[in-house]
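Both counts, for ligands and for their atoms, begin at 1 and track the order of listing. Each residue takes its place number in the sequence, starting with 1.
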Amino acid sequence: MPIQIETLNGIASKECADNAQSSLSSQPQWVVQKFGGTSIGKFPTKVKAAIIGSQRLGEARVAVVCSARSDASKDTGTTSRLFRAIHEAQLPGSRDFEAIIATIKDEHFMAAERVIGVVEIVSQLFQAIEAELAKVSMVLRCVQQTQCLSEHDRDFIISRGEKLSCLFLTALFRSLNVTAVCIDLYDLLASYSKDVSPSQQVDKSLFEAITQEISSRIDRDCKHGIPIITGFFGGMPGGLLKSVGRGYSDLCAALVAVSLGAQELQIWKEVDGVFNADPRKVPTASLLKSISPSEAAELAFYGAEVIHPSTMEHVMQANIPIRIKNVMNPGSPGTKIEPVKADPVQNFSVKPVNRNTGGSKDLPIKPVAVSVKQDMVVLNIQTRDRSCSAASYLAKIFAVVEQHNLKIDLISSSEMNVSLAVRSSEGQTVAPVRRDSLNEYETVSITDLDLASALQAFDRFGTVDILANMAIISLIGDGLKQMTGTSAKFFNVLADNDINIEMISQGASETNISAVIEGQKTDKALIAIHRSLFSIVPETTYPRIAGGKGWYLGA
Ligand SMILES: Nc1ncnc2c1ncn2[C@@H]1O[C@H](COP(=O)(O)OP(=O)(O)O)[C@@H](O)[C@H]1O
Ligand SMILES: N[C@@H](CC(=O)OP(=O)(O)O)C(=O)O
């Protein structure tokens, strides 16, 4: 049996792996490593090397959290395929879901044969994969017959993507004689989640129950070796997909880190860390060595796909740093998100002090990044009833927003007009046209059901303009509000590049200035803003930010 192990430093022997394992049991501290679907799909040997490399350092036990594998991109990955299978099963008479499940099986089989060198382990893995997919097919057939899909069914089906991924990685380690145990968190708090109503509060006590259960599972099932944990966890009211959405495995990793009291949570990506702009769109973007939790949360929410927005809160409260690392370049230190001293009122994000009046010297002196969030729809709602008070008008609008589950990312309002930038649900379209009569909405392509029904509700008390295919462009940095002239420069750059601004938001957050622009102009906007606002020149030439040094606001 081949027992050579590829490590970060080359090839190690079985002895090294055993040493690593024995050092595990004597080391109480944990490092939690989360790997995304494309990393596991495209670079499994690099993922394995990153895990074993960390173990060999011997300083901590490693716990691994896996997302569902994707061979090429997230769109064609296992989770997306499972979503499509669910969609097909809901179409009366369609059997196409069976072909999708067969494709998922083939992809996992091929990966196993390609990467795992021990025939016996590969065949055991095949059986385990078949058993999981048989359960998925059974639920899908049932959905088709009954034409009824519960959140519970949806969560179960989607969760199997992470289970397959963990089975694969566990088998890979077994083939290398490294002890690894697959831990499935789908049925975490099973009794709790079955009884729980979708309106149940997602509060501190829920997360405490979840983290307690995770730690007792790991303690019970994996006394030694590497726990390989599904990035899907059960127990969220209304289901994980409804409450957290795609990218949920970052939150799972955060909860695992909290439950183990980890010394660090590592999110492994295919980029070196967080850059001051999307490095795939802005070639001159530079890597940020560290950012604050509030900046990371804002960046995540406003489009940087490096980390899920829900990840920060729990780990920061538990005083656990996050490090973003690159599977392709494990030697690079990546980006660190360091917990800041908790403010009892503001939770983990400590309010920056006004620099103009001599604030803390720890504060940054420039915006840290620019980001873009695509697929936004702007609804401009204007009241028809002038006699109604502004307060009751706003109350009506927000009641509709809540009832129809709209995800609002930006709001701006005057007395009788409200503009909402909302996300159109995944894979659902809204036509890029303005319409102001309800009947006409039906003639355009709004397949987003929540949005379509919300529009009908808004139409009862206002006239609605719809702008589709929009994007939010955001400038992010702690204390931005206090940086004199920053927003003027931001908006000027957009104007100079002939980019129209549909909506502006500044002031609600200390950390963010945002504008809504046409989606197709975002690349141009990103490059122009990065060029103008992120150039560093010698300190002496810098004149313009009160209290700042070394950062130049441009020409
Ligand atoms: N500020 C940013 N810093 C780093 N990556 C960013 C940023 N904004 C957007 N991105 C994008 O986030 C993605 C993160 O990396 P990757 O590991 O490829 O993603 P995934 O987990 O979706 O496979 C990249 O596609 C990168 O282009
Ligand atoms: N597999 C899930 C959850 C996830 O977190 O994915 P990733 O880590 O690959 O972004 C999804 O595709 O949404």
Side-chain angles (χ1 to χ4, degrees), residues 33-43 46-47 64-84 104 155 157-166 185-186 229-233 240-241 244-255 266-289 291 295-296 298-311 324-329 332 334-335 337 367-374 426-427 471 473-477 522-523 526 529-530 534:
Q33 300 186 321
K34 183 256 159 173
F35 295 92
T38 45
S39 300
I40 295 173
K42 289 197 277 186
F43 312 110
K46 296 215 180 293
V47 168
V64 174
V65 176
C66 296
S67 182
R69 66 186 298 286
S70 306
D71 270 336
S73 72
K74 209 162 162 164
D75 281 354
T76 54
T78 307
T79 307
S80 299
R81 290 202 196 288
L82 289 169
F83 269 113
R84 280 195 276 279
I104 295 174
D155 271 23
I157 294 165
I158 299 299
S159 75
R160 295 306 83 191
E162 272 70 26
K163 178 71 181 285
L164 295 181
S165 187
C166 287
L185 297 184
Y186 166 71
I229 304 163
T230 58
F232 191 107
F233 62 99
L240 187 61
L241 285 156
V244 179
R246 293 208 55 182
Y248 45 77
S249 62
D250 285 355
L251 171 60
C252 183
L255 297 174
Q266 298 175 351
I267 309 274
W268 288 74
K269 309 288 298 178
E270 286 141 56
V271 284
D272 270 336
V274 182
F275 285 70
N276 60 9
D278 186 340
R280 295 199 178 141
K281 300 210 167 112
V282 181
T284 51
S286 45
L287 181 67
L288 299 164
K289 283 196 180 122
I291 49 174
E295 288 164 342
E298 209 76 359
L299 257 172
F301 189 79
Y302 286 104
E305 295 148 36
V306 198
I307 186 165
H308 191 278
S310 61
T311 321
I324 316 289
K325 287 188 63 85
N326 189 352
V327 271
M328 311 299 289
N329 185 15
S332 157
T335 300
I337 307 168
V368 295
V370 56
S371 68
V372 156
K373 191 166 191 175
Q374 291 283 5
E426 197 171 351
I473 184 154
S474 307
L475 200 57
I476 287 164
T522 52
D523 286 0
L526 265 181
I529 286 169
H530 193 266
F534 289 81

At a 4.0 Å cut-off, with the gap strictly under it, does some heavy atom of Gly36 reach an atom of ligand 1?
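Per 4.0 Å heavy-atom rule, Gly36 does not contact ligand 1.
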
Mark the output for Ser371 as yes if a heavy-atom distance to ligand 1 is under 4.0 Å, and as no if none is.
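For ligand 1, residue contact (heavy atoms, under 4.0 Å) with Ser371 is absent.
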
Using every non-hydrogen atom in the two residues, find where [X] and [Y] come nearest and quote the distance to one decimal.
X      : Y      : result
Ile291 : Leu299 : CD1-CD1, 4.2 Å
Ile307 : Ile267 : CD1-CG1, 4.3 Å
Leu287 : Gly334 : CD2-O, 4.4 Å

Taking only heavy atoms of the protein into account, state which residues are under 4.0 angstrom from an atom of ligand 2, in chain and number order.
Lys34, Gly36, Gly37, Ser67, Ala68, Lys74, Thr79, Glu162, Arg246, Gly247, Tyr248, Ser249

Quick one: look up the protein heavy atom nearest [atom] and list residue, atom name and how far away it is.
atom                    : value
atom 1 (N) of ligand 1  : Phe275 O, 3.0 Å
atom 17 (O) of ligand 1 : Glu270 N, 2.8 Å
atom 4 (C) of ligand 1  : Gly273 O, 3.3 Å
atom 23 (O) of ligand 1 : Thr38 OG1, 2.6 Å
atom 12 (O) of ligand 1 : Glu305 CB, 3.6 Å
atom 20 (P) of ligand 1 : Lys269 NZ, 3.8 Å
atom 18 (O) of ligand 1 : Arg280 NH1, 3.2 Å
atom 27 (O) of ligand 1 : Asp278 OD1, 2.6 Å

Kindly indicate whether a cation-pi arrangement holds for Lys373 with Phe301, taking the cut-offs as under 6.0 Å to the six-membered ring centre and within 45° of the axis.
yes

Between the side chains of [X] and [Y], is a donor N or O closer than 3.5 angstrom to an acceptor N or O?
X      : Y      : result
Glu162 : Ser249 : no
Arg246 : Ser80  : yes
Glu298 : Ser474 : no

Between Lys42 and Asp71 (salt bridge meaning N to carboxylate O under 4.0 Å), is one present in this structure?
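Looking at Asp71 together with Lys42, the answer is no, because their closest N to O distance does not fall below 4.0 Å.
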
Does Asn276, backbone or side chain, put an N or O under 3.5 Å from an N or O of ligand 1?
no

Kindly determine whether Glu305 and Lys269 satisfy salt bridge (charged side-chain N to carboxylate O under 4.0 Å, His left out), including the steps that lead there.
CA-CA 10 Å; Glu305 295 148 36; Lys269 309 288 298 178; over 6 Å; no

If you count the atoms of ligand 1 from 1 in the order shown, which ones are under 4.0 Å from a heavy atom of Val274?
3 (N)

To the nearest 0.5 angstrom, please state how far the CD1 atom of Ile40 sits from the CZ atom of Arg69.
9.0 Å

Test side chain to side chain donor-acceptor pair (under 3.5 Å) applied to Ser286 and Asn276, step by step:
CA-CA 6 Å; Ser286 45; Asn276 60 9; 3.1 Å; yes

Once the angle between the rings of Phe232 and Tyr186 is folded into 0 to 90°, is it parallel (under 30°), tilted (30 to 60°) or perpendicular (over 60°)?
tilted

What do we get for Ala277 next to ligand 1 when only non-hydrogen atoms under 4.0 Å count, side chain, backbone, both or neither?
backbone

